[in-house]
Every structure is written in C-alpha cells, then in structure tokens.
Novice: 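Structure provided below as structure tokens; questions to follow.
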Amino acid sequence: MTASDGPTIPLRHRLMAWWRGYDAAEYHAWQTGEGPPRGHSIEDLIPATPVLSTVDHTRARIDVLQRLFGPGFTSPGGPEHAVEMVKPFGLTPERSLLDLSPGLGGAAAAVVQRFGVWITGYEMDPELAEWAPGVIATLKGGDHVTVRGFAPESLSLRPNSFDCVLSRESMFVVRDRAAMLKSIHGVLRDWGQLVITDYVLPSEVEPSEQVKAWLESEDLTYKPWAKQEYEKAFAGLGFDVRVLEDRSEEHRKHIRDTFARFVENLDGSDPLAEDPARRAALIVEAERWARRAALMESGELALYRFFLIKPEPKETEA
C-alpha cells in the first residue's frame, strides 16, 4: 500500500481489503467493476502510520476504541457478553467485585445495570486508566464503578476483601503471572470466585514464528502461558477449578462481527476518513485484532475461560 494510492481509494475499501487479506488497490478496482483481488498476508498489507503527538494518539485511540466496540468498551463482545462472563458469580448488590481488566469501564457499567453491584477496577494500561473516570461518568451505572491504574508487580490490596475477581484477556501481558495469581488468591475471601479469560498457547513448547511476530507487534518480550501452565498454577494455590473451556471460536466471531459492522457503516463523510490521528489509531486496532483472529483460526493461539473457587482452608489437626 503506497502513499500514491491514498487519495483515490475510500477508507472503507482500504479497511475491508486489509481485513479480508487483499491489496487495497486491487480490492477497490474489483468493487468498481474490474477483476477480483488476489490474497495477501496481513504483514504485507499493514500500512505505515503517521507520526503523531502523544496527546493526538491517546485521544484518537480512546475515540476509535469506542467507535469500534461501543461506549466504554475496549474489546469485542458488548454488554451482553460482559454480563454473560460474570453470571457464574451469582452477583447481588451485597457482593464485592474486583475487575482487573476494566478498560474504560463499559463492561463494568453493563454488569452494574444488570446486578446492581459495586465494582472496583484496576487497569494496567496507563492511557485507559487515565481516561476511564471521564468515560465512566457518562455511562449508565458508572456511579457504581471506580477505575484506577496499577502495575501488576505492585498490586497491593487488603487480604480477603473481595467476593469475586474478574480478569478478561489481560494476564498474557503480565510478566510474572504466578505472582499475580498469588495476589488474586490473597485478595479473595474464602469461597470467593475467580473468572479469567486469557490467550494461551496450545502447548508449552516454543511458540511459532507467527506468534512471535504477534508478540513483537504488541511490545511483549515474553510468551503467553499454555493451558497446562495455568492448571499447574491453580493447583499450587489450592484453587478448585470448576470450568476450563476453549472460547476461541466465540471470540473470533465477536472480532469478525465487530469489524464487519464497523466497515459496513463507514463512508466518506465519516471523520475517520479525514483525521490522520484517528486513521492511525484505527490501523493499529485493526492490526491487533486481525493478528489475534488469524492466530486463533490457525490454532497457534486460543482463548480460554477459567472459573475457579477459593475453598476455605482445611483445619489442621492439633
């Protein structure tokens, strides 16, 4: 994709071509009546992004995330999926929930609207953590949600202080996952419940070159765990594992549906078509989710859901 074809190819055609693995010029020609396009790899089609200031980048990223996924959301699935993820908790207004992946607060607000619970959120992404309070203030149910930033290596919360803990697709970015799980175990009350969804490798062997390229694109220098590594860590902490399931196909569908819906509604009058900061942010997000979807489709990566309970400690004999 070159700079010369920029003004003549609509943004909608660019995104659709890239998402479907076609060259933008060929796809545009096909859509306007010429021959069908040829397939290309994702890496061949990633366009260069303009150089932007930090302020431009952050504001544009927040806007694009919410355009893609909905007000307050930073990943696919929407309010229904957010509620479905916490149903095993049996939430009531009296129960306390710690969300370790609140993003901009959209999912948490959806849970509040359904169950009336109070949610304490800790977000690892500094940009999302900074913008979350302002976004949450605009959401129905946001008055029951707080979000602040934290670093995984310095998470320090009062022991036995939460009934439920939720972590959605965030553990894979944590370097010391064993320590993080130990902290989560400590903050849960006896018979507390934990739901984790995370990207996992198919085995503990060296990841594929495609997975390595994906990790590099997300600035990660360490690989995700395999499912077996999670199981060992859970057993070592004494968790009772109730559910362990592959949700990759559902996750891929959420990704596909999100971008198909977005591209379908995009036209030349959209501000995204002219604003370089938002275009750059959109390219980054499209690349991120296209890579993840492709790796799950090839079986080189999976999304698993774990539902666990922290049993009451067994009494020791005198």
Side-chain angles (χ1 to χ4, degrees), residues 69 73-77 81-82 84-89 97-103 107-108 111 121-125 128 150-153 155 164-185 187-188 192-205 207-208 210-212 214-215 217-237 239-255 288-289 291-310:
F69 306 120
F73 283 84
T74 57
S75 61
H81 181 64
E84 192 262 336
M85 282 290 99
V86 301
K87 278 186 176 178
F89 290 153
L97 173 59
L98 172 64
D99 188 345
L100 294 175
S101 50
V111 171
Y122 282 85
E123 174 56 51
M124 286 184 277
D125 186 310
L128 299 182
F150 85 107
E153 62 274 11
L155 178 64
C164 308
V165 177
L166 174 66
S167 172
R168 294 175 299 260
E169 295 96 68
S170 62
M171 288 290 289
F172 77 101
V173 305
V174 176
R175 182 183 295 273
D176 192 346
R177 298 180 193 104
M180 184 72 167
L181 286 173
K182 185 177 180 180
S183 296
I184 292 172
H185 184 273
V187 81
L188 276 170
Q193 301 169 89
L194 168 63
V195 166
I196 294 175
T197 59
D198 201 26
Y199 297 110
V200 302
L201 297 176
S203 68
E204 298 181 47
V205 301
S208 68
Q210 289 77 15
V211 170
K212 290 178 181 178
W214 164 61
L215 293 173
S217 75
E218 303 222 13
D219 295 325
L220 296 175
T221 58
Y222 37 91
K223 65 180 184 178
W225 270 357
K227 173 175 66 72
Q228 295 83 355
E229 291 174 280
Y230 264 114
E231 292 180 280
K232 292 175 186 175
F234 296 151
L237 290 167
F239 275 114
D240 180 1
V241 181
R242 297 296 179 91
V243 176
L244 186 158
E245 62 178 350
D246 188 338
R247 302 289 287 262
S248 303
E249 183 54 40
E250 175 191 57
H251 192 49
R252 285 176 53 218
K253 183 179 185 302
H254 287 157
I255 296 171
R288 183 196 318 279
W289 294 103
R291 287 184 187 273
R292 293 179 182 183
L295 289 172
M296 286 186 286
E297 184 173 10
S298 68
E300 297 165 276
L301 190 70
L303 182 88
Y304 263 77
R305 181 175 79 97
F306 307 99
F307 174 49
L308 310 101
I309 292 177
K310 175 186 176 181

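Computed from a predicted model, the values in this text were never measured in an experiment. Throughout, residue positions are numbered sequentially from 1 according to the sequence presented.
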Novice: Return the CZ to CZ distance between Arg247 and Arg252, rounded to the nearest 0.5 Å.
Specialist: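 Output value for this atom pair is 15.0 Å.
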Novice: Could you give the distance from CZ (Arg305) to CD (Glu169), rounded to the nearest 0.5 Å?
Specialist: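 Interatomic distance, Arg305 CZ to Glu169 CD, rounded to 0.5 Å: 12.0 Å.
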Novice: Grab the two heavy atoms, one from His81 and one from Gly77, that are nearest each other, plus how far apart they are.
Specialist: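 Looking at all heavy atoms of both residues, the shortest contact is CB-O, 3.4 Å.
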Novice: Does the side chain of Ser217 reach to within under 4.5 Å of the side chain of Arg291, using non-hydrogen atoms?
Specialist: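 Yes. Closest side-chain heavy atoms under 4.5 Å.
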Novice: Look at the side chain of Lys223 and the backbone N and O of Glu204, then say whether any donor-acceptor pair between them is shorter than 3.5 Å.
Specialist: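 A pair under 3.5 Å: yes.
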Novice: Give a yes or no on whether the backbone of Val173 and the side-chain of Tyr222 come within a donor-acceptor separation of less than 3.5 Å.
Specialist: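 Between the backbone of Val173 and the side chain of Tyr222 there is a qualifying donor-acceptor contact (under 3.5 Å).
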Novice: What are the two closest non-hydrogen atoms of Leu188 and Phe239, and how far apart are they?
Specialist: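 Closest pair (atom of Leu188, atom of Phe239, distance): CD1-CE2, 3.9 Å.
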Novice: Is any side-chain heavy atom of Phe69 less than 4.5 Å from a side-chain heavy atom of Pro76?
Specialist: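 Phe69 reaches Pro76 side chain to side chain.
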Novice: Less than 4.5 Å apart, side chain to side chain, heavy atoms only: is that true for Leu100 and Leu166?
Specialist: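 Answer no - side chains too far apart.
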Novice: So, for Met85 and Thr197, which heavy atoms are closest and what is the spacing to 0.1 Å?
Specialist: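 Smallest interatomic distance, heavy atoms only, reads SD-CG2, 3.7 Å.
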Novice: With heavy-atom distances below 4.5 Å as the criterion, would you say the side chains of Met124 and Phe150 are in contact?
Specialist: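 In short, these two side chains touch, coming nearer than 4.5 Å.
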Novice: Closest approach of Glu300 and Leu201, non-hydrogen atoms and distance?
Specialist: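 Here Glu300 and Leu201 meet closest at O-CD2, 3.9 Å.
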Novice: Output all residues satisfying ring pair (Phe, Tyr, Trp, His ring centres under 6.0 Å) with Phe306, sequence neighbours left out; order by chain, then residue number.
Specialist: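 Phe306 satisfies ring pair (Phe, Tyr, Trp, His ring centres under 6.0 Å) with Tyr230, Phe234 once adjacent residues are dropped.
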Novice: Any heavy-atom pair between the side chains of Val195 and Cys164 that's under 4.5 Å?
Specialist: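 Side chain of Cys164 against side chain of Val195, heavy atoms only: no contact under 4.5 Å found.
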Novice: According to side-chain hydrogen bond (donor to acceptor under 3.5 Å, both in side chains), who are the partners of Asp176, at least two apart in sequence or on a separate chain?
Specialist: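 Asp176: no side-chain hydrogen bond (donor to acceptor under 3.5 Å, both in side chains) contacts found.
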Novice: Residues in salt bridge (charged side-chain N to carboxylate O under 4.0 Å, His left out) with Lys227, at least two apart?
Specialist: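 Counting only residues at least two positions away or on another chain, Lys227 forms a salt bridge (charged side-chain N to carboxylate O under 4.0 Å, His left out) with Glu231.
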Novice: Find the distance between CG (Asp240) and CZ (Phe307) and round it off to the nearest 0.5 Å.
Specialist: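 Atom-to-atom, Asp240:CG and Phe307:CZ are 9.0 Å apart.
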Novice: Testing Tyr304, Trp214, Trp225 for ring-ring contact (aromatic ring centres under 6.0 Å, His included) with Phe172, which one passes?
Specialist: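 Exactly one pass, corresponding to Trp214.
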Novice: Would you please name every residue forming a salt bridge (charged side-chain N to carboxylate O under 4.0 Å, His left out) with Arg292, sequence neighbours left out?
Specialist: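 Testing Arg292 for salt bridge (charged side-chain N to carboxylate O under 4.0 Å, His left out), a comparison that skips the adjacent residues, returns Glu218.
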Novice: Supply the atom-to-atom distance Ile255 CD1 to Arg288 CZ, rounded to the nearest 0.5 angstrom.
Specialist: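 If I round to the nearest 0.5 Å, the distance is 11.5 Å.
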Novice: Roughly how far, to the nearest 0.5 Å, is OH of Tyr199 from NE2 of His251?
Specialist: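 If we round to the nearest 0.5 Å, His251:NE2 and Tyr199:OH are 2.5 Å apart.
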Novice: Could you tell me whether a side-chain N or O of Gln193 sits under 3.5 Å from a main-chain N or O of Phe89, the two making a donor and an acceptor?
Specialist: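 A pair under 3.5 Å: yes.
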Novice: Under the rule for salt bridge (charged side-chain N to carboxylate O under 4.0 Å, His left out), what residues qualify as partners of Asp99, not counting sequence neighbours?
Specialist: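 Applying salt bridge (charged side-chain N to carboxylate O under 4.0 Å, His left out) to Asp99 gives Arg168.
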Novice: Rounded to the nearest 0.5 Å, how far does CG of Leu303 lie from CG of Leu295?
Specialist: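 If I round to the nearest 0.5 Å, the distance is 12.5 Å.
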Novice: Any idea which heavy atoms bring Val111 and Ala82 closest together, and the distance?
Specialist: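 The pair with the smallest heavy-atom distance is CG2-O, 3.8 Å.
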Novice: Hey, are the side chains of Ile196 and Leu181 touching, using non-hydrogen atoms and a 4.5 Å cut-off?
Specialist: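 In contact.
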Novice: Any donor-acceptor pair under 3.5 Å linking the side chain of Lys310 with the backbone of Gly192?
Specialist: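 No.
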Novice: Can you name the side-chain hydrogen bond (donor to acceptor under 3.5 Å, both in side chains) partners of Lys253, sequence neighbours left out?
Specialist: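 Only Asp257 meet the side-chain hydrogen bond (donor to acceptor under 3.5 Å, both in side chains) criterion with Lys253.
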